[in-house]
Amino acid sequence: ERSIVGPGAFIDRDAHITDSIIFPDVRVGPGARLHRCIIDKNVIVPELSRVGLELDADRERFTVSDEGIVVIEKGRDLSRR
């Protein structure tokens, strides 16, 4: 919803993306929820991930703007901590 999805991006079943920009070659796993995110190319978002819904937790792993937009840099595999 209200998002831009780049070419070659794969959004799996039951994933829900709102108000986000998804760059090329991103993989979003089943059941993932992304809200107000900018996800650079070649990022893997694993199954059932939640990004942009709990900003305090997101700040520990990602860049979060003053406006509450979560930015995930190129090439990250979020299944690896």
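Hydrogens, waters and symmetry mates play no part in the numbers below; they use all other heavy atoms, side chains included.
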**Q** Given the rule that I, L, V, M, F, W and Y join up when any side-chain heavy atoms are under 4.5 Å apart, are Val5 and Val45 in one cluster?
**A** yes
**Q** Rounded at 0.5 Å granularity, tell me how far CZ in Phe23 sits from CG in Asn42.
**A**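 Reported value, rounded in 0.5 Å steps: 11.5 Å.
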**Q** Rounded at 0.5 Å granularity, tell me how far CZ in Arg61 sits from CZ in Arg76.
**A** 6.0 Å
**Q** Checking Ile21 against Ile39 for the side-chain contact (heavy atoms from CB on, under 4.5 Å) test, could you report, in this order, the C-alpha distance in whole Å, the side-chain angles of both residues, the deciding distance, and whether it holds?
**A** CA-CA 6 Å; Ile21 300 172; Ile39 309 217; over 6 Å; no
**Q** Mind checking side-chain contact (heavy atoms from CB on, under 4.5 Å) for Ser3 and listing every partner two or more places apart, or none if nothing turns up?
**A** Ile17, Ser20
**Q** By salt bridge (Lys or Arg N to Asp or Glu O under 4.0 Å), which residues pair with Asp66, not counting sequence neighbours?
**A** none
**Q** Just so I know, are the side chains of Leu55 and Val70 near enough to count as touching, which here means a heavy-atom distance under 4.5 Å?
**A**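 In contact.
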**Q** Can you name the salt bridge (Lys or Arg N to Asp or Glu O under 4.0 Å) partners of Asp14, sequence neighbours left out?
**A**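 Asp14 satisfies salt bridge (Lys or Arg N to Asp or Glu O under 4.0 Å) with no other residue.
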**Q** What pair of heavy atoms forms the shortest contact from Asp58 to Leu53, and how long is it?
**A**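 The answer is OD2-N, 3.9 Å.
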**Q** Roughly how far, to the nearest 0.5 Å, is the CD atom of Glu1 from the OG1 atom of Thr18?
**A**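 If we round to the nearest 0.5 Å, Thr18:OG1 and Glu1:CD are 6.5 Å apart.
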**Q** Check Gly29 against Asp12 and note the closest heavy-atom contact, atom names and distance.
**A**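 Closest pair (atom of Gly29, atom of Asp12, distance): C-CB, 3.6 Å.
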**Q** If we only count heavy atoms from C-beta on, is the Leu34 to Val28 side-chain gap below 4.5 Å?
**A** yes
**Q** Might you work through the side-chain contact (heavy atoms from CB on, under 4.5 Å) test for Ile38 and Ile72, ending with a clear yes or no?
**A** CA-CA 6 Å; Ile38 298 174; Ile72 301 176; over 6 Å; no
**Q** Measure the CD1-SG distance between Ile69 and Cys37 for me, rounded to the nearest 0.5 Å.
**A** 9.5 Å
**Q** If the condition is salt bridge (Lys or Arg N to Asp or Glu O under 4.0 Å), which residues does Arg13 pass it with, not counting sequence neighbours?
**A**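 If we apply the salt bridge (Lys or Arg N to Asp or Glu O under 4.0 Å) test to Arg13, skipping adjacent residues, there are no hits.
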**Q** With sequence neighbours left out, what residues match Glu47 under salt bridge (Lys or Arg N to Asp or Glu O under 4.0 Å)?
**A**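 If we apply the salt bridge (Lys or Arg N to Asp or Glu O under 4.0 Å) test to Glu47, skipping adjacent residues, there are no hits.
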**Q** Mind jotting down which residue pairs meet the salt bridge (Lys or Arg N to Asp or Glu O under 4.0 Å) criterion with at least one end in residues 20-41? Sequence neighbours excluded, please.
**A** none
**Q** Drop me the distance from Phe62's CZ to Leu78's CG, to the nearest 0.5 angstrom.
**A** 4.5 Å
